[in-house]
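Following: one structure in structure tokens, then a few remarks.
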Amino acid sequence: MSKPILELKDLDVFYGPIQALKKVSMHINEGETVSLIGSNGAGKSTLLMSIFGQPRAADGQILYQGVDITHKSSHYIASNGIAQSPEGRRVFPDMTVEENLQMGTIPIGDKYAKEDMQRMFELFPRLEERRTQRAMTMSGGEQQMLAIARALMSRPKLLLLDEPSLGLAPIVVKQIFATLRELAKTGMTIFLVEQNANHALKLSDRAYVMVNGEIRLTGTGKELLVNEEVRNAYLGGH
């Protein structure tokens, strides 16, 4: 039985006087793909960012590989094996693809940069075609591929993905999720925050449903795909 790589225990997070997360408890086991679905404004991105301490939890615990990281610095968290591909991609617009990928090695140093860059080009062939191109000149889908590849350059034990399908054409979304499926097959542990519940649940071993900052439902991806409440709220009743 796999042990949890990440555990959240009774997490409370505030933005000023507004409580964004209320007593959130969940776990992710090593080698699992777990998704968090919910409507816009439910608190999904806040939860992901709070793992990196931005915003900092007001109460509760975040355990990573059994170590309490609730009050650790973002740099400590990144250099110990958690990487994030943020919402809105946030690539370095004036840097080339290669330079963006190089930035992903900052938490661990560039010892493996050359071989890992080659691995990213195998995973995302489009990036190899664009390797000397500035990120700002690329399409949204290409920038999303770059954001994920940059996160992978730090050789994470846990990959956090925030809305990877946001604003992308359906055909590009399919490509992104096909790549995530390949990553999952390698044993990569993935925590995915996603509004596209259909794609997320099909990819996931397990999933959580968040409503107004609270975990409302949990189950396997397959269970939630056929759950009537989930179908009506997030899958258009299909």
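Excluded from the calculations below are hydrogen atoms, water molecules and symmetry mates; all remaining heavy atoms, backbone and side chain alike, are included.
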Q) Is there a donor-acceptor pair under 3.5 Å between the side chain of S73 and the backbone N or O of Y76? A) yes

Q) Under 4.0 Å between a Lys/Arg side-chain N and an Asp/Glu carboxylate O for R206 and E32? A) yes

Q. Does any N or O in the side chain of T189 come within less than 3.5 Å of the main-chain N or O of G31, such that one atom is a donor and the other an acceptor?
A. yes

(Q) Which Ile, Leu, Val, Met, Phe, Trp or Tyr residues join I108 in one cluster when any pair of side-chain heavy atoms under 4.5 Å counts as a link? (A) none

Q: Look at E182 together with K185 and state whether they make a salt bridge at an N to O cut-off of under 4.0 Å.
A: yes

Q: Would you indicate whether the side-chain heavy atoms of R216 and M210 approach each other to under 4.5 Å?
A: no

Q) Is it true that the side chains of Y15 and T46 contain a donor and an acceptor less than 3.5 Å apart? A) yes

Q) Do I176 and M188 share a hydrophobic cluster (ILVMFWY, side-chain heavy atoms under 4.5 Å, transitive)? A) yes

Q) Counting distance only, does the side-chain N/O of E194 pair as donor-acceptor with the main-chain N or O of N196 below 3.5 Å? A) yes

Q. Could K22 and D12 be called an ion pair, given the rule that one side-chain N must be under 4.0 Å from one carboxylate O?
A. no

**Q.** Under 3.5 Å: donor-acceptor pair, side chain of Y112, backbone of S154
**A.** no

Q) What about V34 and V209, same hydrophobic cluster or not, with Ile/Leu/Val/Met/Phe/Trp/Tyr joined at side-chain heavy-atom distances under 4.5 Å? A) no

Q) Between L192 and L36, is any pair of side-chain heavy atoms under 4.5 Å apart? A) no

Q) Just wondering, do S35 and L201 contact through their side chains at under 4.5 Å, heavy atoms? A) yes

Q: Using a cut-off of 6.0 Å, state whether more than 12 heavy atoms not belonging to N212 lie near its atom CG.
A: no

Q.
Count I, L, V, M, F, W, Y as connected when their side-chain heavy atoms are under 4.5 Å apart, and connections chain through other members. Are I28 and I215 then in the same cluster?
A. yes

Q.
When you compare the side chain of D94 with that of M136, does any pair of heavy atoms fall below 4.5 Å?
A. yes

Q. Is there a donor-acceptor pair under 3.5 Å between the side chain of Y64 and the backbone N or O of N80?
A. yes

(Q) Just so I know, are the side chains of E30 and L6 near enough to count as touching, which here means a heavy-atom distance under 4.5 Å? (A) no

Q) What's the spacing between L225 CG and L235 CG if we round to 0.5 Å? A) 6.5 Å

Q: Would you please classify the geometry between the H199 ring and the F177 ring as parallel, tilted or perpendicular, with 30° and 60° separating the classes?
A: parallel

Q) Rounded to the nearest 0.5 Å, how far apart are CE of M117 and CE of M153? A) 4.5 Å

Q: Give the other cluster members for M95, using side-chain heavy-atom distances under 4.5 Å between Ile, Leu, Val, Met, Phe, Trp and Tyr residues; answer none if it is isolated.
A: F92, M103, I106

**Q.** Reported CG-to-OG1 distance for the pair L161 and T33, which is rounded to 0.5 angstrom
**A.** 9.5 Å

Q | Member of R131, R150, R130 meeting the salt bridge (charged side-chain N to carboxylate O under 4.0 Å, His left out) criterion with E98 | A | R131

Q | ILVMFWY network linking M26 to F52, side-chain heavy atoms under 4.5 angstrom | A | yes

(Q) Just verifying a value: how many Å separate R155 CZ and T105 OG1, rounded to the nearest 0.5 Å? (A) 11.0 Å

Q: Examine distances only and state if a side-chain atom of Q84 and a backbone atom of L159 form a donor-acceptor pair shorter than 3.5 Å.
A: no

(Q) So does L47 get a backbone contact from the side chain of S50, meaning a donor-acceptor N/O pair under 3.5 Å? (A) yes

Q.
Between E228 and R231 (salt bridge meaning N to carboxylate O under 4.0 Å), is one present in this structure?
A. no

Q. Which atoms form the tightest heavy-atom contact between Q143 and M138, and what is the distance?
A. NE2-O, 3.2 Å

Q) When you measure from the side chain of N100 to the backbone N and O of T96, does any donor-acceptor pair fall under 3.5 Å? A) yes

Q) Between the main-chain N or O of R126 and the side-chain N or O of E129, is there a donor-acceptor pair closer than 3.5 Å? A) no

**Q.** Validation row: K23, L11 side chains within 4.5 angstrom (heavy atoms)
**A.** no

(Q) List the residues meeting side chain to side chain donor-acceptor pair (under 3.5 Å) with S25, not counting sequence neighbours, and say none if there are none. (A) D10

**Q.** Point-to-point distance, once rounded to the nearest 0.5 Å, from CG of N198 to NZ of K202
**A.** 4.0 Å

**Q.** Spacing of CG belonging to L21 relative to CE belonging to M49, to within rounding of 0.5 Å
**A.** 9.5 Å

Q. Side-chain heavy atoms under 4.5 angstrom apart, residues restricted to Ile, Leu, Val, Met, Phe, Trp, Tyr: same cluster for M145 and L123?
A. yes

Q. Do Q118 and E128 come within less than 4.5 Å of each other through their side chains, counting heavy atoms only?
A. yes

**Q.** Note, L160 side chain near V193 side chain (heavy atom, < 4.5 Å)
**A.** no

Q.
So that I can tick it off, tell me whether E99 and R134 are bridged by a salt bridge, with the cut-off set at under 4.0 angstrom between side-chain N and carboxylate O.
A. no

**Q.** side chain to side chain contact (heavy atoms under 4.5 Å, CB included) partner of I69, the single match among Q65, H71, K72
**A.** K72

Q: Could you tell me whether the side chain of Q195 and the main chain of L166 form a donor-acceptor pair under 3.5 Å?
A: no

